[in-house]
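To keep things clear, I will list the structure first and then write my remarks on it.
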Protein chains: 2
Amino acid sequence: MKHTDPIDELRANADRMAAVLRLLANRERLIMLCRLSAGEASVNELVDLTGLAQSAVSQHLGVLREGGAVAVRADAQTRYYRIADDMVRSIFNALCEACGEQSSTGPHNTAA
Amino acid sequence: MKHTDPIDELRANADRMAAVLRLLANRERLIMLCRLSAGEASVNELVDLTGLAQSAVSQHLGVLREGGAVAVRADAQTRYYRIADDMVRSIFNALCEACGEQSSTGPHNTAA
DNA sequence: TACTAATATCAGATAATGTGCATATTAGAA
DNA sequence: TTCTAATATGCACATTATCTGATATTAGTA
């Protein structure tokens, strides 16, 4: 069995973490995730929320989807997105708590 | 008195969060922060740890410094860096915890 | 079948980031 | 002062992200 160099393991972990962080390191995606943390939402709803063009929203969702952060459910033409990764959820929560300590308005007022 | 639109406030919050996340969303910087989460370290030590060129490390530290994630203390020519932001610390902790819990389950679960 | 709504994808322009190398700065030692 | 160690900075180049606008796909409806 191959035992991994501790620094290689650290690197591998850091790589995975950085990938997840990159998914979240964007204002629009954070806003979407904020909404999704309260339950699933359709693309249209996220378009209205963010004020972005539909194609931009779709592309952001594509990034999140390919990164495994969200998953989709289809109902007729409408697609409902939801958060699908626990690491994403816990980073987001940590973020909200840390943010809430400075002002009362973190992106998580409406709970599920 | 201007009352802020909730969406504007959300946007402002998300912007700040995204800025912090961008600081962390890099493998090398995460490795450095991992080391710094155990206490302050000199640039040289971080060079050895990461295996990067000194200038690269210095630039990464510059990014973290300007973003307010770390602070420096000088002792002669040596500069000791340390984590200087609570949000950074709590995101990093959440990350570490989530990473440790990650191994428990299979492909994916359908949460609600 | 033609039409519309909802969403995805592609292509191109632009902006933001990261990387490597050379060089500048700064503090102490000889 | 001159040398060296430790660190920072500037610049050029490659890579990546994000937006826009056009078009494709897919499901339901008239």
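Only this structure's heavy atoms are used, side chains among them; waters, hydrogens and symmetry mates stay out. Proteins come first, then strands; the chains are lettered A, B, ... in the order of their sequence lines, and each starts at number 1.
Among residues two or more places apart in sequence or in another chain, the side chain to side chain donor-acceptor pair (under 3.5 Å) test is passed with A/Q59 by none. Partners of B/R82 according to the side chain to side chain donor-acceptor pair (under 3.5 Å) rule, which considers only residues two or more places apart in sequence or in another chain, do not exist here.
Residue contacts shown for A/A76 are limited to sugar-phosphate atoms, with no base heavy atom under 4.0 Å away. Across all strands shown, A/Y81 has heavy atoms under 4.0 Å from sugar-phosphate atoms exclusively, and none from any base. As judged by a 4.0 angstrom heavy-atom cut-off over every strand, A/S58 is placed among the base-contacting residues.
Criterion: ILVMFWY side-chain heavy atoms under 4.5 Å apart, direct or through other members. Under it, A/L36 and A/V63 are part of a common hydrophobic cluster. Under a hydrophobic clustering in which Ile, Leu, Val, Met, Phe, Trp and Tyr are joined whenever their side-chain heavy atoms come within less than 4.5 Å, directly or via other members, A/I83 and A/Y80 fall into different clusters.
Nearest approach of A/S37 to A/F92, heavy atoms of both residues: OG-CE2, 3.8 Å. B/A14 and A/R27 make their closest contact through CB-CG, 3.7 Å (heavy atoms, listed as atom of the first residue, atom of the second, distance). Considering every non-hydrogen atom in both A/S90 and B/A94, the closest pair reads O-CB, 4.0 Å.
Near DNA chain D, meaning a heavy atom under 4.0 Å from it, residues 20-52 of chain B has B/S42, B/V43, B/N44 in order of number.
Ranked by how close their nearest DNA chain C nucleotide is to the 5' end, B/Q54 and B/V63 are led by B/V63.
Within the model, atoms CZ of B/R16 and CG of A/L30 stand 12.0 Å from one another, a figure rounded to the nearest 0.5 Å. Rounding to the nearest 0.5 Å places OG of B/S58 at 7.0 Å from CZ of B/R65. Residue A/L10 holds its CG atom at 4.5 Å from CD1 of B/I31, rounded to the nearest 0.5 Å.
Taking a heavy-atom distance under 4.0 Å as the criterion, the stretch of DNA chain C touched by chain B extends 5' to 3' from C/dT17 to C/dG28.
When rounded to the nearest whole Å, the span between CG of B/L64 and C1' of D/dT7 equals 15 Å.
Exactly one of B/E40, B/E45, B/E28 qualifies for a salt bridge (Lys or Arg N to Asp or Glu O under 4.0 Å) with B/R35. That residue is B/E45.
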Open item on the list: Assess the residue pair B/V72 and B/L61 against the criterion (side chain to side chain contact (heavy atoms under 4.5 Å, CB included)); give the C-alpha distance rounded to whole Å, side-chain angles, the decisive distance to 0.1 Å, and a yes or no.
Closed with: CA-CA 10 Å; B/V72 210; B/L61 288 170; over 6 Å; no
TODO: Could you walk me through whether A/L95 and B/M87 pass the side chain to side chain contact (heavy atoms under 4.5 Å, CB included) test, one step at a time?
DONE: CA-CA 7 Å; A/L95 216 47; B/M87 204 188 299; 4.1 Å; yes
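Every stem involving DNA chain D, taken as at least 3 paired positions in a row under the Watson-Crick or G-U wobble test at 3.5 Å, is listed here: C:1-30 with D:1-30.
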Protein-nucleic acid N or O pairs under 3.5 Å, nucleotides 10-13 of chain D:
| from | atom 1 | to | atom 2 | distance (Å) |
| --- | --- | --- | --- | --- |
| D/dG10 | O6 | B/Q59 | OE1 | 3.3 |

